[in-house]
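The next block holds one structure in the form of structure tokens; read it before the comments.
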Amino acid sequence: MFDVSVIVPTHNRADMVCRNIAALARQTMPASRFEVIVVADGCEDQTAARLQSLDLSFRLRVVEQTQAGASKARNAGADLAEGTLLVFLDDDMYADAGLLEAHWQTQQARPTLLVGFFSTPVEHRSEELFAASANAWWDNRFRRLGQAGHRHTFRDVCTGNMSVSRSSFLETGGFDEEIGRWAGEDYEFAIRWLKRGERIGYCPTARSYHQDQPSVDKALKRAYDEGRGHVLIARRHPECFMALPLRIALDGQPWIRIKRWVKLSRRRANTIPKLVHPAIHLAITFRFRWLYSRLFGISRSARLWAGVLDETDGLGGLREMIQDIPYEPSVQDVEEIDISQLPLDLAKRVTELQPGSLALLAGTEPIAWIQNTPGSEPIAWSHVVRKLEYWLDAHGLRELPLPEENGRGSQTEPDNQ
Amino acid sequence: MATKIIEFDTLSMPDLPEEGWPGYSSVLVLFKRGRRTLNAQRLPLAGGQIDDFEFDRAAANALRHRHDLLVRERFAGSQIEDSPPISVSVVICSRDRAAQLDRCLAALAACDPQPMEILVVDNATADDSTARMAEQHGVRCEREDRPGLNWARARGAAAARGEIVAYIDDDVVVTSGWLTPFARRFGDPSLAGLTGLVMPYRLDDRASEMFENYCGFVRGYQHRTFTLSSIKPMGAANIGAGACMAFRRDIVNDLRLFNVELDAGTATRTGGDTYAFYRLITLGYRIDYDPDVVVRHQHRDSEDAVVSTLRDYSVGTYVFFLHCFLRHRESHALMAGMRWFRSHHLRQLTGGLLGRPRAQPLRMTLAEIRGCFAAPLAYLKARLNDRRHTPPTDDPVKAKASA
């Protein structure tokens with residue numbers, strides 16, 4: 001009946017969600033082709049009533065549920081949706097006029113799990129150290145997503161602005177509701193999505209503006225939620241543990257002896273942030289960048305580990321969990337391709353093979369190796385080219401034969417990305 | 001001592017002139033591959049003729065510098081620019097330099113792709129020569145009566161209609177493909193600004209060589225990305241030069257990026273571009289340096305002019321540090337200023353006094369140090385002028401702080 005269903009979970013942000021829903025009237029997509037479902041998750045500020053009172057050109061349905069988390073809200077919205085394409089939008093996202101059309105057109109060309117672009121608009125930007133570094137982090141993340149040959153992983157997915165076909169979403173099983181109480185339900189959904197052999201895409205023209213004001217306290221709370229949520233992800237998908245931010249926190253860096261010390265005790269993990277907190281705010285007020293970044297790093301790490309240790313119920317539980325994790329990635333389905341032969345259908349062959357791991361050779365000399373990393377999308381030709389850019393210096397390139405006359409070595413991806 | 005500047009495309013491999021370049025002692029070759037820049041190398045000339053072996057070696061060196069381009073060509077076909085086109089407004093701010101503006105506009109008329117519009121901002125020119133020159137070339141002209149390059153830039157951004165505002169100086173001559181990377185780069189919505197490679201236009205005399213040597217605009221031949229996590233805000237001067245920079249128009253206008261008394265035409269002489277980069281970085285935006293955007297800048301033609309330019313750059317640098325410290329409470333600014341004084345000026349001074357071969361001439365170092373000491377007074381004059389002419393509600397920093 002509808003092409004697109006927009007699903008917006010919300011919790012006690014009536015002003016913001018009303019403004020952003022009203023703004024959806026500006027979409028270039030005709031109002032008859034999309035519907036909006038707002039799921040009020042335990043709202044006590046008359047969100048539902050205020051939304052119903054808006055005069056809108058598109059169909060809006062408001063569903064209320066007792067507080068159970070954003071995942072349950074999104075799943076409920078997806079169940080009720082009547083559109084073929086689901087677009088998930090957060091309640092603090094102000095949609096650009098071409099958002100829905102961009103999602104729809106890109107999904108028509110190739111159905112995938114599509115992540116859109118969002119950033120903080122100019123009027124909400126601030127020089128405050130935390131806000132600026134958070135904004136810079138997000139912009140950098142989207143820069144990497146947009147690079148040619150970027151191999152998408154589950155960490156590229158964010159439910160703030162994403163679209164997926166309704167049938168595929170329900171087949172994959174929707175968002176995990178237990179993880180949804182904490183953080184990381186988007187990662188876990190993407191892991192299951194990738195396990196089905198599907199791909200992830202990025203659409204820079206599907207833009208929205210993130211109107212939330214980031215703050216140090218919210219970020220630290222989120223770090224705790226991530227600690228808990230990622231432990232749950234690691235339990236469900238142990239092979240993806242090496243790709244989680246948790247693993248990186250485990251490795252540590254040389255100067256973070258303090259962080260290591262903090263990690264091993266639940267008591268320390270809970271008290272350190274309280275002590276460091278006033279110092280962080282002092283560093284922000286006086287704009288001591290170096291001091292702020294170090295203190296914030298320690299605090300964030302401590303909160304992350306507080307979450308981890310709470311979820312694993314102490315160090316013993318953490319050790320047990322780590323024991324189950326396979327540290328060596330399984331090296332199977334290795335395809336070897338000799339690029340010195342330069343077969344004209346090389347690109348097509350890589351795409352058809354969908355290799356687990358790919359070894360590139362020039363004759364018998366290995367050049368590059370693309371690993372079967374759990375939690376990453378299947379290998380595509382553009383990923384291979386990107387690897388070759390790094391691994392083939394000019395010397396290596398000279399060793400390879402020149403392409404044939406009738407095919408100037410130009411390999412095109414069968415379905416263009 | 002003259003150096004000839006040429007471009008050489010390694011794809012089309014044109015023949016070099018038979019007679020070489022008589023009268024020149026060296027050649028600066030900008031190696032390109034189609035529309036992509038590889039690098040630039042200086043090669044000696046013997047009797048105006050270049051050694052073929054040296055040239056081939058330099059070309060191979062340049063290709064090795066950007067082997068990733070070769071890999072793309074071999075395995076992925078040539079880079080087809082399939083990004084949707086983006087509308088660019090080119091803004092040139094000019095004051096009393098009609099002849100140079102003429103050359104600049106002629107080069108713009110010949111570039112491909114053409115920008116959506118070209119806009120000349122007549123910054124308090126004494127007569128109507130700038131306006132007439134703009135009319136002669138058939139481009140829009142806006143008048144900004146308040147002298148100051150930054151005010152002219154602000155006026156240009158307010159009057160522009162394109163999605164991107166690209167600023168070039170009036171003594172800059174663009175190359176024909178300079179706008180090609182814009183569609184691909186600004187197609188990435190997370191990019192806020194782009195700076196380009198500013199090569200010298202001519203290196204025929206000693207003054208130009210000195211300028212290129214001591215205050216040249218080249219920031220390397222690799223594409224670089226600048227964000228808060230990759231550059232200290234006080235190092236904003238490394239991002240690029242105001243001679244060729246482009247931003248998203250709505251960002252410039254909403255942030256009132258150039259609404260501040262800085263740069264040429266004011267007491268502070270320079271620094272407006274550095275301050276704009278600083279503001280964007282500290283707000284979390286990203287600026288890229290793309291050497292595929294190539295323009296050529298006409299350097300100063302006399303040694304006295306070069307020395308006074310160096311002094312102006314020094315004034316602008318220290319005014320920038322002062323402004324960041326006083327207005328933005330940037331605690332690192334004073335430290336950065338002292339460090340710069342010690343690592344650059346003092347080092348050049350001792351090198352010059354001891355006669356070290358690679359040190360700057362003493363005359364230039366002293367001019368820079370004079371600029372350093374002139375900076376506080378210049379800043380004060382600029383602030384007073386600003387306050388006299390700008391209502392407090394129009395102050396961009398206060399407006400943001402109270403928002």
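Atom set for the values below is all heavy atoms of this structure, side chains included, hydrogens, waters and symmetry mates excluded. Residue numbers start from 1 in every chain, and the chains themselves are labelled A, B, ... in the order their sequence lines are given, proteins ahead of strands.
Contacts of A:Tyr202 with chain B are made by side-chain atoms alone, with heavy-atom separations under 4.5 Å and no backbone atom involved. Only the side chain of B:Thr225 comes within contact range of chain A, with at least one heavy atom under 4.5 Å from a heavy atom of that chain. For chain B, no part of A:Ser119 is nearby; none of its heavy atoms comes within less than 4.5 Å. For A:Phe117, the part lying under 4.5 angstrom from a heavy atom of chain B is the side chain only. At a 4.5 Å heavy-atom cutoff, the contact between A:Arg143 and chain B is made by backbone and side-chain atoms alike.
Counting all heavy atoms, side chain and backbone alike, B:His328 lies closest to A:Arg287 at O-NE, 3.0 Å. Taking each heavy atom of B:Gly187 and A:Pro204 in turn, the nearest pair found is O-CB, 4.2 Å. Residues B:Leu283 and A:Ala132 come closest through the heavy atom pair C-CB, 4.1 Å.
Of the residues considered (B:Pro189, B:Ser190, B:Ser331), B:Pro189 shows the highest number of contacts with chain A, using heavy-atom pairs under 4.5 Å. Note: A:Phe288 leads A:Phe142, A:Trp290, A:Phe288 in heavy-atom pairs under 4.5 Å with chain B.
B:Tyr221 OH: more than 12 foreign heavy atoms inside a 6.0 Å radius. Dense packing is recorded around NZ of A:Lys218, with more than 12 heavy atoms of other residues, nucleotides or ligands lying under 6.0 Å away. The environment of A:Arg222 atom CZ is sparse: at most 12 non-hydrogen atoms of other residues, nucleotides or ligands sit within 6.0 angstrom. Within a 6.0 Å sphere centred on CZ of B:Arg224, other residues, nucleotides and ligands contribute 12 heavy atoms or fewer. Within a 6.0 Å radius of CH2 in A:Trp138, more than 12 heavy atoms belonging to other residues, nucleotides or ligands are found.
For the pair A:Asn135/B:Arg286, no side-chain contact is recorded, criterion being any heavy-atom separation below 4.5 Å from C-beta on. In this structure the side chain of B:Leu255 reaches within 4.5 angstrom of the side chain of A:Val122, judged on heavy atoms. Contact check for A:Arg125 versus B:Tyr285: side-chain heavy atoms found under the 4.5 Å cut-off.
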Checklist line | Stepwise side chain to side chain contact (heavy atoms under 4.5 Å, CB included) test for B:Lys232 and A:Arg289 | finding: CA-CA 9 Å; B:Lys232 288 207 181 80; A:Arg289 286 179 198 278; over 6 Å; no
